[in-house]
Amino acid sequence: MALLHWKPQYSVGVEAVDHEHRELIDLINAVHAEAQQQGKKANVVQFFGDLFKAISAHFALEERFMHEHRYDQLRQHKADHEVLLDELRDLMDEFEETKEIDNDVLAARLDAWFSRHFESHDARLHKALGTHPH
Ligand SMILES: [Fe+2]
Ligand SMILES: [Fe+2]
């Protein structure tokens, strides 16, 4: 059972961007699935690393795109990205310490952020500028 599910209201109106966001949700679900498997906890760190790398790359691409277009809310949008990266770092540190993931907490912390960020910052950005080049 996946932890997070794509919802229609996550759509930013650009299929390529929605696709990337779906991939990030899949990676979160992979961390969750791995954490639920008994005896394979070493892998969770690896999955967290992959998730962190993918999210960082996605954010960097968006930020470069906003910068190139002198997007008016670059600063605020970037600040929200930093909040999520901090949140992920906290989750990774907690896991390193306790070797346990509370899936309800993971879901609550990441789902709240994703829905809010997709529906607000990303929707505004892609409505204004369309999709970014890959
Ligand atoms: Fe995004
Ligand atoms: Fe964003």
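Numbering of ligands and ligand atoms starts at 1, following listing order. Every value quoted in this text rests on a predicted model; they were computed, and no experiment measured them.
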Trainee: Is the distance between the Fe ion (ligand 1) and the nearest N/O/S atom of H117 smaller than 2.8 Å?
Mentor: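 No, H117 does not qualify, because none of its backbone or side-chain N, O or S atoms lies under 2.8 Å.
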
Trainee: Restricting to N, O or S atoms, which atom of E62 is closest to the Fe ion (ligand 2)?
Mentor: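 In E62, the N, O or S atom with the shortest distance to the Fe ion (ligand 2) is OE1.
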
Trainee: Going by an N to O cut-off under 4.0 Å, is there a salt bridge joining R124 and D72?
Mentor: yes

Trainee: Is it the case that the ring center of H81 lies less than 6.0 angstrom away from the ring center of H121?
Mentor: no

Trainee: Which is the closest N/O/S atom of D122 when seen from the Fe ion (ligand 2)?
Mentor: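 Output for this pair reads OD1.
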
Trainee: Any N/O/S atom, backbone or side chain, of H121 lying under 2.8 Å from the Fe ion (ligand 1)?
Mentor: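 No, outside the cut-off.
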
Trainee: Salt bridge or not for R22 and E15, using N-O below 4.0 Å?
Mentor: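 So R22 pairs with E15 through a salt bridge.
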
Trainee: To the nearest 0.5 Å, how far apart are CG in L27 and NE2 in H32?
Mentor: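 Here the rounded value is 14.0 Å.
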
Trainee: Looking at H21, which of its N, O or S atoms is the nearest one to the Fe ion (ligand 1)?
Mentor: NE2

Trainee: Give the atom name of whichever N/O/S atom in H77 sits closest to the Fe ion (ligand 2).
Mentor: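 Distance check against the Fe ion (ligand 2) picks out NE2 in H77.
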
Trainee: Closest heavy-atom contact between H77 and Y71?
Mentor: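 Taking H77 first and Y71 second, the nearest heavy atoms are ND1-CE2, 4.4 Å.
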
